[in-house]
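Reminder, nothing fancy here: chain letters follow the sequence lines and each chain counts from 1.
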Amino acid sequence: MTEPNRLSPFPAPDHQPVAGGIAARARAAASGGARYLAGLNPEQRDAVETLDGPVLVLAGAGTGKTRVLTTRIAHILSQGRARPGEILSVTFTNKAAREMKTRLAEMLGQAVEGMPWLGTFHSIAGRILRSHAELVQLKSNFTVLDTDDQIRLLKQLLQAENIDDKRWPARMLAGLIDGWKNRGLMPSQVPSGEAAVFGNGKGGKLYASYQERLKILNAADFGDLLLECIRLFRENPDVLRQYQNRFKFILVDEYQDTNVAQYLWLRLLSQAPSSSGSSLPGSTRQSIAASDEDGSPGHDAARRPGDDEKSVAVPGATPPPKNICCVGDDDQSIYGWRGAEVDNILRFEHDFPGAKVIRLERNYRSTGHILAAASHLITHNEGRLGKTLRTEDVEGEKVTVTGAWDSEEEARGIGEEIEELQRKGEHLNDIAILVRASYQMREFEDRFVTLGLPYRVIGGPRFYERAEIRDALAYLRVINSPADDLAFERIVNVPKRGLGDATVQMLHDHARKRRIPLFEAARAVVETDELKPKARGSLRQLVLQFERWRAQREVTPHTELAEIVLDESGYTEMWQKDRSADAAGRLDNLKELIRSMEEFENLHGFLEHISLVMDREGAADEDAVSLMTLHSAKGLEFDNVFLPGWEEGLFPSQRTLDEQGRAGLEEERRLAHVGLTRARRRAKLYFATNRRIHGTWTTTIPSRFLDELPAGSVEITESKGGSGWGGAGGYGPSRFDNVESFGSSYSTPGWQRAQARRPGAARGATEGGFKEEQSPFSGRDPFGGGFGGNFGRSKRGPLTIEGELVAKSTGTTSEFALDDRVFHQKFGYGRVVKIDGNKLTIAFDKAGEKKVVDSFVERA
DNA sequence: GGCAGTGAATTTTTT
DNA sequence: ATTCACTGCC
């Protein structure tokens, strides 16, 4: 194969780092044995030292998974078993890859520079693909399409097929194609029944033509990076053999999250290289059949296509087992909905005969009660490999379960508990709120803003998915490759140039007729009088601009060129003129984009990797509460974890239950397990009896998962957010008082009443405490919760603030006026866009639109 | 071609 | 409730 591109994110070429390996070896020897092995427990050590043959490490939450992986690499290197370039080490996210590199660097010093094959599935597969692109009908500089491009392309195809994209949305097709790719299916391999469900039987055809279009555009989507790589290996045994020979050791992180395509890819690479390249029997069928029989219901579609026929070899017969080590936790498989196959990990021993399975069950993270709760909960799942987490830590505080009247009270209660923790000296950085669905976050944000409590949302739209970033990238893409039609189309009228659908349609026709890219078509069309003078003029100007930029590219550094392009195209100006709230933020993002380009040598190198490596970077040194979904919390840990929204329908999610049945429920339960195991010292669960879903109030039932917790490790507490309503004995968690067994608490009278209540039924005073006012600013509730017992203990004085709120909220209008320029301590400068009593909606320059109480802002 | 008004949808998320 | 996308009108 060709030498990896110089601009690859893996900085050093294969051969160079050997010195590092030797250095590490020498270091290990010099220190009289393997220093890096010290401090590992026996199981961990076993996982590190069992180098030969397939190994499955079942690493429960908090058992030192990453440590094992990195130490294992160090061990391989220091034993001289392989050079850095001979170890393939795959993760799912860039973040995980980065962390491994960092930790390896700590362990080995500079040697980490030499781990060229440590990266995500996609980046590594993409890199291999670029080296042999021509074998899969691509050029080595192919573009990686993001979801947006994908949808746009599919829309065109749907149009061409005259399919009503109302009835058959492009999004849906994109989802289907993605699913097929996740399962390793080329267009011809999609079961015809499945392909027919879309667009009156045209699904399969559309998939095929989509793939054709991608080739014409010299593009690949994310799924292709793996799928085409698999095809490359299958169709070119000699190429496959190169890689099989190269990789002496394979390590896989988060194996429970692998999908079929990733599994197939690993299988191909993990086969011992064979001289003939095709001597492998297809005995996999048996394992498939077996797993289908005892597998969960309704998953016949999930059988492994492509496993049949010649494609995948099974080391069952004779070939010596490859040294593959997969690390994962079946209890943390939470990505089934996007194609992950828990089956991969459940069947590991079957797939890799002779595999050694090592369980890491000693948890170094959580206290006894938390671990007990998490472990007990997860035992309700069937179909697991079974681990029993244990800790030598203290029992610690019990897991608390708190009921709240509604989601506002829940947010209020959590807000107060956080302030209390803060008073006890906890750092906000050690506190996280983990929600099931992102819409739950808003309520917390609102609450924290009024409290002035710093928080940080983790997750959300990724940097490179933002419109302005994609627009900017599109400009650069067109400069880099004039044939990038999708990019051209994206920016042809951004900023507005008077080149609308009509013009674009015209260009399309022209381009198709002559089989030339859109840009070429544009160049040709401006020479004709097919367009109205106005459109023709701006199109000509655009073409000329691009040609000028391309010429400048030779003599101008790429970062500078990017600035010139954004400037001259009027793109920057477009946002500068934009009066909307987030315009300033977008301009910042563009600056950030240009800054990030500096790491790359030139435009080409930047574009080649940007779609794969770019992610949001947190400039997060400030002490703040973390707010995120359970999914994005995987892999993280916090001293104090709040888990709101444990209600039927929300968690477990009704939709998952409907769509995936029991498998879905089990995945939700694993999600609950993940949530609990994020906590080191305190885990606090909440449920609300009423929750607003899509604008309407709905009465909910506490999650069945609450019933599945071990009573001995759980404590029912009162909601601090609303205990004040109606005084003592008011509605609320007090109904749990004196309830011995947690599981039975739902049969208490108060509880039954709550259940009997109809959604939306007005029932104000029956419990003597239902709010008359929903607003958190209504005079009573801040006193209720706040003055209850904590008065005066606050360092920052949130109670005083509440007092202010109360005082000011009584009808007096705000002293601010619309359009006033204001300043807020956390959000910076902004403009008042809406006034509601003392509640202001402010469009902050940086932070976007937020609702804030007027006492928090001052005139700017 | 641009804008305003209406209508439908609405978990989870990486690459 | 809110957002986002699309239609119909200027």
Side-chain angles (χ1 to χ4, degrees), chain A residues 9 90-97 119-127 144-147 150-151 155 164-166 169-172 175 178 181-182 220-227 229 254 257-259 261-262 333-340 434-443 446 458-465 467 493 495-505 532 534-535 538 609-616 628-635 645 649-660 664 667-668 670-672 674-675 692-697 774 849:
Chain A
V90 280
T91 64
F92 275 83
T93 63
N94 289 306
K95 195 177 153 203
T120 64
F121 276 100
H122 290 86
S123 67
I124 289 176
R127 181 170 161 207
V144 178
L145 296 190
D146 56 41
T147 323
Q150 213 179 335
I151 304 268
K155 269 192 182 147
D164 178 15
D165 70 348
K166 264 268 173 58
R171 242 175 212 304
M172 183 183 178
D178 231 43
K181 288 185 175 176
N182 283 157
D221 63 21
F222 284 119
D224 279 343
L225 294 179
L226 279 153
L227 191 55
C229 196
E254 306 276 20
D257 286 337
T258 49
N259 60 35
Q262 286 155 341
S333 162
I334 56 175
Y335 286 111
W337 50 274
R338 68 176 195 213
L434 312 182
V435 297
R436 174 64 182 82
S438 44
Y439 68 78
Q440 289 173 262
M441 293 203 253
R442 249 201 66 179
E443 234 145 351
D446 286 353
I458 298 184
R462 275 151 297 291
F463 185 69
Y464 67 87
E465 271 176 23
N493 201 28
K496 306 258 187 266
R497 295 189 177 87
L499 301 171
D501 286 346
T503 311
V504 172
Q505 196 52 52
K532 289 193 201 120
K534 215 173 158 192
S538 25
H609 290 289
I610 200 60
S611 51
L612 293 178
V613 248
M614 205 144 154
D615 46 6
R616 59 186 177 259
M628 70 190 95
T629 63
L630 286 161
H631 282 91
S632 33
K634 192 162 83 156
L650 175 60
F651 190 35
S653 144
Q654 190 57 48
R655 192 155 160 187
T656 302
L657 260 40
D658 291 346
E659 285 169 12
Q660 325 254 4
E667 182 153 313
E668 294 284 303
R670 290 193 290 267
L671 202 47
V674 167
R692 191 166 32 195
I693 299 167
H694 310 321
T696 29
W697 285 96
Q774 298 279 353
E849 224 168 74

Integer-rounded Å distance: B/dT11 C1' and A/I334 CD1: 12 Å
Atom pair distance, as rounded to whole Å: CD in A/E667 and C1' in B/dT11: 11 Å
Do A/K155 and A/R171 come within less than 4.5 Å of each other through their side chains, counting heavy atoms only? no
Using atom CG of A/L630 as one end and atom C1' of B/dT11 as the other, report the distance to the nearest whole Å. 11 Å
Reckon A/R436 touches a base, only the sugar-phosphate, or nothing at all at heavy-atom distances under 4.0 Å? base
Could you tell me if the side chain of A/I334 sits less than 4.5 Å from the side chain of A/L630, heavy atoms only? no
Assign A/A535 to base, sugar-phosphate, or nothing according to its heavy-atom contacts below 4.0 angstrom with the strands shown. nothing
What does A/T696 touch in the nucleic acid at a heavy-atom separation under 4.0 angstrom: a base, only the sugar-phosphate, or nothing? nothing
A/F92 CZ to B/dT12 C1', in whole Å, measures 16 Å
Using a 4.0 Å heavy-atom cut-off, does A/T629 contact any base of the nucleic acid, only the sugar-phosphate backbone, or nothing at all? sugar-phosphate
From CZ of A/R442 over to C1' of B/dT10, roughly how many Å is that when rounded to an integer? 14 Å
Should the pair A/Y439 and A/H694 be assigned to parallel (<30°), tilted (30 to 60°) or perpendicular (>60°) ring geometry? tilted
Measure from the side-chain heavy atoms of A/H122 and tell me the nearest of B/dT12, C/dC6, B/dT15. B/dT15
C/dT2 base stacked by A/H694? Criteria: ring centres under 5.5 Å, plane angle under 30°. no
Could you label the plane-to-plane angle of the A/Y335 and A/H631 rings as parallel, tilted or perpendicular, counting under 30° as parallel and over 60° as perpendicular? tilted
Which part of the nucleic acid does A/T91 contact within heavy-atom distance under 4.0 Å: base, sugar-phosphate only, or nothing? nothing
B/dG1 phosphate, OP1 or OP2, under 4.0 Å from A/T503 side-chain N/O: yes
Roughly how many Å is it from CG in A/D221 to P in B/dT13, rounded to a whole number? 21 Å
How would you label the contact of A/N493 with the nucleic acid (heavy atoms, under 4.0 Å): base, sugar-phosphate, or nothing? sugar-phosphate
Between A/G500 and A/Y439, whichever has its closest DNA chain B nucleotide further toward 5' is A/G500
Minimum side-chain heavy-atom gap A/L226-A/K181 below 4.5 Å: no
Proximity to the side chain of A/S653 - top-ranked nucleotide from B/dT11, B/dT15, B/dT13: B/dT11
Which of B/dT11, B/dT13, B/dT15 is nearest the side chain of A/E659? It is B/dT11
With side chain to side chain contact (heavy atoms under 4.5 Å, CB included) as the test, would you mind laying out the steps for A/Q150 and A/D178 before giving the verdict? CA-CA 10 Å; A/Q150 213 179 335; A/D178 231 43; 3.7 Å; yes
Counting heavy atoms from C-beta on, name the nucleotide in B/dT15, B/dT11, C/dC6 closest to the side chain of A/T147. B/dT15
Among the candidates B/dT10, B/dT15, B/dT12, find the nucleotide nearest to the side-chain atoms of A/S438. B/dT12
Starting at the 5' end of DNA chain B, which residue's closest nucleotide do you reach first, A/K496 or A/F121? A/K496
Atom pair distance, as rounded to whole Å: CD in A/Q440 and P in B/dT12: 9 Å
Taking C-beta and beyond as the side chain, do A/T503 and A/R497 meet within less than 4.5 Å on heavy atoms? no
Expected output check: what is the dot-bracket annotation of DNA chain C, where ( ) and [ ] are pairs inside the strand (brackets for crossing ones), | is paired with another strand, and pairs are Watson-Crick or G-U under 3.5 Å? ||||||||||
Can you check the A/W337 CH2 to B/dT12 P distance for me, whole Å? 8 Å
Donor-acceptor check, side chain of A/N493 to backbone of A/G498, threshold 3.5 angstrom: yes or no? yes
